[in-house]
Every structure is written in C-alpha cells, then in structure tokens.
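Okay, structure first, notes after.
Below, chain A is the first sequence line, B the second, and so on; all start at residue 1.
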Amino acid sequence: MIEKILSSAFIQAYELLYQKNPAVKFVIFQKTRPEFEGDYTLVVFPFTKELKKSPEQIATEIGQQMVSSTAVLSSFNVIKGFLNLVIDDIYWMEFFKKEAANESFGLLKKEDPQKVVIEYSSPNTNKPLHLGHIRNNLLGWSVAEIMKAAGNEVYKVNLVNDRGIHICKSMLAWQKWGEGKTPAKTKLKGDKLVGDMYVRFDVELKKQVEKLQTEGLAKDDAIAVAPLTKEAREMLFQWEAGNQDVRLLWETMNNWVYEGFSSTYNRLGIDFDKIYYESETYLLGKELVFEGLEKGVFYQKDDGSVWCDLSEDGLDEKLLLRADGTSVYMTQDIGTANLRYEDYKSDKMIYVVGNEQNYHFDVLQKVLAKLGKPWAESIEHLSYGMVELPEGKMKSREGKVVDADDLMDEVIATARRMTVELGKLENMESEEANNLFRIIGLGALKYFMLKVDPKKTMLFNPAESVDFTGNTGPFIQYTHARIKSVLRKAADNNILLDTEIALPKALLNKEKSLLVLLYTFPAMVEQAAENRSPALIANYMYDLAKEFNQFYQECPIIRETDEAQRLFRLQLSAFAAKTIHKAAALLGIEMPERM
RNA sequence: GGUCUCGUAGCUCAGCUGGAUAGAGCAGCAGCCUUCUAAGCUGCGGGUCGCAGGUUCGAGUCCUGCCGGGAUCACCA
C-alpha cells in the first residue's frame, strides 16, 4: 500500500531532519485534489506548533528529503501548507503488471478473519415482501458478500416469523372465506394468497368493530371483544396446544408462503446459509429469563410478570415475561441470540433491522450483558433507514405498499422498453434478450437501493421509478458491455490479449487516473466492509465506469497504431471490466456481455 | 415531554471520519456519432451546507442552543 510507504518515508524524513518523532495521528496522506499537481498530499499545519517553523518551510524540507530517499516519489510541490507528492509512473505500472491478470484482485486476506453471522430479511409469513424488504435483503446479502471479500468467514441467516396471532388471522380468514382456494388452483403466488386472507380478516374485523361502536363501545374495546379477535386468539391457543387441525392448516399455508418467498428471493438473487423458524425457537428465551431471575439480575412483580431494570443504563424497565408466563418479542430474541451463538460461536452477530428498532436492540444487548453473556457486545444492529414514498411512510394496512414482485416486473418491463427504443436488439436471440432485460432491470433496481448510505432514510417515487441513465446501474452495465465489445473486436482482429503484460513508456492523463482508481479497489472493499456499506462500493463502481468512459473518449484503443500502446490499453480496459464486474458482484448486480 | 436521528443545488444523493475554490446524477440550455456501443462524452447556468454561537491554523464534518422533519418510549412484533 502506497500510504504505508509514504508514511514510513515521512517519519524517517522527519526524524532525520528534526531529531524528533512526529505525532502519528497527523501523518495522514490523502489524494491530491485534481486541480493541483501530485498524487498524494500531506497537510503540514499540525507540525508547525512543534517545530516552530512556517508550514511552507516544513513542507519543503520534508518534501526534499522524502523525494531523495524514496524511490517511488519523483517530485513534490508545496502550496500553502500542503505538501503534494508525485508518485513515479513506474509505481502504477508495476501495480498494473502485478494485478491486471490476478483473478483474486480485490479479495482480501485478513490476518485475523472474523466469524460473522448476519441475519437479514426476517419476514412475517402473513404478507408478501415489499420495497422495505427489498432494501433489507439487498443490504444484508451485500454486506455479507463484502465482508467475505474482506477476508471474513460469513454466514447468512434468516429468522422467519412463522407463528403468532397474525398468522392465525390469515388462517381464520381462509377457513371462513377462502373457498378452498390454493395457489395451484388460483395460479396466485402463495404469499399473495395468504396476504389477501390477512387483508380480508382486517376488512371483516373492521365491520364487526364498527357495528360494536354503533352500540356504544370504544374502538379499542370493540376490537378486543369482537368475535373475530376472540376466534383468532382461540386459534393461537389451539396452535400452542398442538391441535392437529390447526397445525395442519398452519403448515399448509406457511408452505404456500415459503414457495412464494423463495421465488421472490431467487429472482432477487438472495440466499441464506441457514433459516431459523420462530415456531421452533420462540420458547427458548424463557429459561434464560428464569436464570436471570435466579441470579437476581431480573425481578418479578406481584402479578408474576418478570422485568429487567435498565434505568441505570439510561433506559426504562423492560418486560421480559408476561404475567401469564408467556413470552414477548424480547424473550424470543434473547433465546434466538443465544441459540445462534451456540450454533456458530461467532465473533460477530449482525442484525440487519430497520432503525425503528434501535431501542429494542439497545435493550437486547444490555439484557444479555446482565445475563453475563460475554458475547453480548458482539451483537451489532445494522440499523438502516426506512424507504419512504413521496406521501410518506409505506402503510401496509392502507394498501400503500410497493410490492416486491410487482416492482421487479416493472423495472424489467422498463428495461425491455428502453432497450427496444434504443434499437439494441439486433442479432440477439430472444432468450439472450429476455435475460438482458432481467439483468438491466434488476441492476437498475439494486443499484438504486444500494447506492444510498444504509443509515439514511431514502425516497422512492413509484411514478418515476428508477432511472436508467446517469448515476445508475444500467450506466455501469453499459460501460462494462462497451468494454467487452471492444475486447471482442480486438479478438476478431487477432490481437491477442493474454500475452505478456504490456507497458507504455509513459502514462497519459486518462490512462493514469483510471489505473490509480483501479489501484484503490482493495482499500475500498476493506472500507466498505468496516462501514457495512455497499454504498461505498456502488459509488466506487460509478466513479470507475465514469473514469473509463472518459478514457475511452480520449484514448483510441483498437485504433491506436502503436502496438505496445494498443495492447496496454486493451489490457487496461480488460482490467477495468473485470474490476467493475467484481465490484458489481458484491452488490448482486450482474454485468452483461453486450447491451 | 424523555431519548435517538436527519436537514448539502429545483429534485435524488456523494462528501474518504477536521483540510485547499463543497461534488455527481436528474431536470434546463448548448455542442460531439461516414472512426472502438451516443444507456456515452464535453461545456453553461444553478449553494448563506436549516439558523446562531463555540472549539482551532482550518468546520458541511466536532460541541452547545434554537428551528424544522422522522423514529421510538406497549403485558404488539
């Protein structure tokens, strides 16, 4: 890494000149801004106090010393307190020689690889996946891939919320109004069918509640005593008691949902190493709560409910077991966290969950700490922002949701339309064309979702949907296809690429900036992994594509008459294509050979 | 009300954890295809980085206060 070389050169120069050690925290090299000459810049202001010299003087002295003692430095200049260092082209060319054909470029080896378990998706089985889930799924999957690329051992897990009152509502509605419908008979995806039943329940319940309200009941009371509410509760009770009929219906309907989900996951390109089901884990937390009660870190109220007092940590008291002894959400999460740790003995457990649950995860971590679980601090809540529509938050009850399958259909249809409009379909078989629409449509969608900082709330406008020009997935895909086209043409002209790496005598501006950008890819992977941010990869990829297009515009590749130069540019282009491809793979975005 | 969080161009977003004159895309305007894919490239216009203080050589970035949006504070999940 060039930064390391520069740092140690700086420290040596500093010690030699001033007989002192520089404060390491000030030794930071950053990329020189394009309007100045140089590749890396050090700000020398911080050293003026210690050395009692002007920044210009310090920069000049150190610059001279560094250039004379460091082979990769060819020159320097000083502007105000900024020391700009120029790296010799040879350094970049050697990097090119070493890495251009290296298939594992960008795949990092870590000295201390971590075992990471990352949970994402975590759907309820009573409704289909929507736009919010898409962000969650893409984020979780991508962060997992990025952390793998950064040299960690990563396991992707899903925790399906397959039991509870909400499932019973769908089941009950199906019994009453389902008319024996099945996904096979109706040709409706299973998750959609079950979702419809859930909505139906809500509609019917509302009717009952309104009737009760006209009889003088308050809304909350009306909901509580409505026959449907009671029936749903009864069904949940029967489920917990193991009633065979209820269990059979539950299993049947959940299987419909799983088929629906897996088709959505497949299409999105999302997968898991292990799937946990809440129906199998929801009882696990209780024991731990009792343990805590014995240890005296939790306490019991007169009504029998169990609580954890977190007021010393700045939080409230938190219920862990209801008065009737049943579990709450927190109880389950304590149990599943413990199970997961026992399963994997991981160094890190990451939960990809929306920021509306920040408080929940604060509490979870503190409760586990109180239970004396040393791995409590290995829990990390990857808290991401909500996806909002122009009119505000999505509200599933009001039907204001963007359905995941519909959205995928739509972006693929748009990709088809654009491609046809642009007349890109010559000599393309329909199979390739259809696959291309899929690749472009999903590429547009995924890039759109992932280019935004995960922590931030993002806006999705269904009317405008996602763009296909500018800072978008298709732009990057187009660049990739364009490079591939050039490479194919070179092959047609019998220009062999896989010969020795070719090096020009000197680097042109655009050749160099492309090369330097490629150089930073591994560091980018590492940074994205540390920050759990696919957005960094997305933005890098965009810069890279843009940089290539500028190079392409300025430098003839096949048309170049100097053979060595031509070969170098071809290899540089191939390197860029490979790196774009690799970066995109970390986001789950496919790159077409032509488009 | 307590806690957390966000506020950057008309719109959508960057801004590498404090560095030089704050950047992209979209939208608008003007150019570039008989030459490697024009889903591209080049140029122009567009900013009190919510407001006010503070910290320091230096603040969009850190601290405090205020204004405005959002989340959360359930014997729901």
Pair assignment for [N], Watson-Crick or G-U wobble, requiring both distances under 3.5 Å:
{"N": "B/U34", "result": "none"}
{"N": "B/A39", "result": "none"}
{"N": "B/G45", "result": "none"}
{"N": "B/G1", "result": "B/C73"}
{"N": "B/U12", "result": "B/A24"}
{"N": "B/G7", "result": "B/C67"}

Which part of the nucleic acid, if any, lies within reach of [X] when heavy atoms closer than 4.0 Å are counted: base, sugar-phosphate only, or nothing?
{"X": "A/Gln477", "result": "nothing"}
{"X": "A/Pro46", "result": "base"}
{"X": "A/Asp362", "result": "nothing"}
{"X": "A/Lys451", "result": "nothing"}
{"X": "A/Leu422", "result": "base"}
{"X": "A/Val43", "result": "base"}
{"X": "A/Lys455", "result": "nothing"}
{"X": "A/Asn84", "result": "base"}
{"X": "A/Ala481", "result": "base"}
{"X": "A/Met524", "result": "nothing"}
{"X": "A/Leu321", "result": "nothing"}
{"X": "A/Lys456", "result": "sugar-phosphate"}
{"X": "A/Tyr359", "result": "sugar-phosphate"}
{"X": "A/Glu356", "result": "sugar-phosphate"}

[X] [atom1] - [N] [atom2] separation (whole Å):
{"X": "A/Met449", "N": "B/C13", "atom1": "CE", "atom2": "P", "answer": "11 Å"}
{"X": "A/Lys318", "N": "B/C76", "atom1": "NZ", "atom2": "P", "answer": "11 Å"}
{"X": "A/Phe82", "N": "B/G58", "atom1": "CZ", "atom2": "P", "answer": "13 Å"}
{"X": "A/Arg559", "N": "B/C33", "atom1": "CZ", "atom2": "C1'", "answer": "11 Å"}
{"X": "A/Gln30", "N": "B/G23", "atom1": "CD", "atom2": "P", "answer": "14 Å"}
{"X": "A/Asn461", "N": "B/C11", "atom1": "CG", "atom2": "C1'", "answer": "10 Å"}
{"X": "A/Arg33", "N": "B/C16", "atom1": "CZ", "atom2": "P", "answer": "11 Å"}
{"X": "A/Phe47", "N": "B/C57", "atom1": "CZ", "atom2": "P", "answer": "15 Å"}

> Can A/Phe36 be classed as stacking with the base of B/A20, given a centroid separation cut-off of 5.5 Å and a plane angle cut-off of 30°?
Replying inline: yes
Does the base of [N] carry an N or O that pairs as donor and acceptor with the side chain of [X] under 3.5 Å?
{"X": "A/Thr419", "N": "B/A39", "value": "yes"}
{"X": "A/Asp316", "N": "B/A74", "value": "no"}
{"X": "A/Thr41", "N": "B/A20", "value": "yes"}

Which nucleotide, [options], lies nearest any side-chain atom of [X]?
{"X": "A/Gln550", "options": "B/A77, B/C41, B/A71", "answer": "B/C41"}
{"X": "A/Val452", "options": "B/A14, B/C36, B/C75", "answer": "B/A14"}
{"X": "A/Ile557", "options": "B/A14, B/C36, B/A38", "answer": "B/C36"}

Could you tell me how far [M] sits from [N] if I compare only their [atom1] atoms? Round to whole Å.
{"N": "B/A27", "M": "B/U12", "atom1": "C1'", "value": "11 Å"}
{"N": "B/G23", "M": "B/C49", "atom1": "C1'", "value": "12 Å"}
{"N": "B/G10", "M": "B/C6", "atom1": "P", "value": "23 Å"}
{"N": "B/G47", "M": "B/A24", "atom1": "P", "value": "15 Å"}

Look at the aromatic rings of [X] and [Y] and report parallel, tilted or perpendicular, splitting at 30° and 60°.
{"X": "A/Phe47", "Y": "A/Phe10", "result": "tilted"}
{"X": "A/Tyr329", "Y": "A/His360", "result": "parallel"}
{"X": "A/Phe460", "Y": "A/Phe448", "result": "perpendicular"}

> OH of A/Tyr351 to CD of A/Gln357: how many Å apart, nearest 0.5 Å?
Replying inline: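 So the OH of A/Tyr351 and the CD of A/Gln357 are separated by 11.5 Å.
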>> Once rounded to the nearest 0.5 Å, what's the spacing between atom CG of A/Leu508 and atom SG of A/Cys555?
In response: 5.5 Å
>> Check whether A/Tyr384 forms a cation-pi arrangement with A/Arg135 (NZ or CZ under 6.0 Å from the six-membered ring centre, at most 45° off the ring normal).
In response: no
> More than 12 foreign heavy atoms under 6.0 Å from OH of A/Tyr299: is that the case here?
Replying inline: yes
> Does CD in A/Glu312 sit with more than 12 non-hydrogen atoms of other residues, nucleotides or ligands closer than 6.0 Å?
Replying inline: no
>> Quick check on RNA chain B: between A/Asn549 and A/Thr32, whose nearest nucleotide comes earlier from the 5' end?
In response: A/Thr32
> Want to settle it: does A/Asn358 or A/Phe448 sit nearer the 5' end of RNA chain B, counting the closest nucleotide to each?
Replying inline: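 The residue whose closest nucleotide sits nearer the 5' end is A/Asn358.
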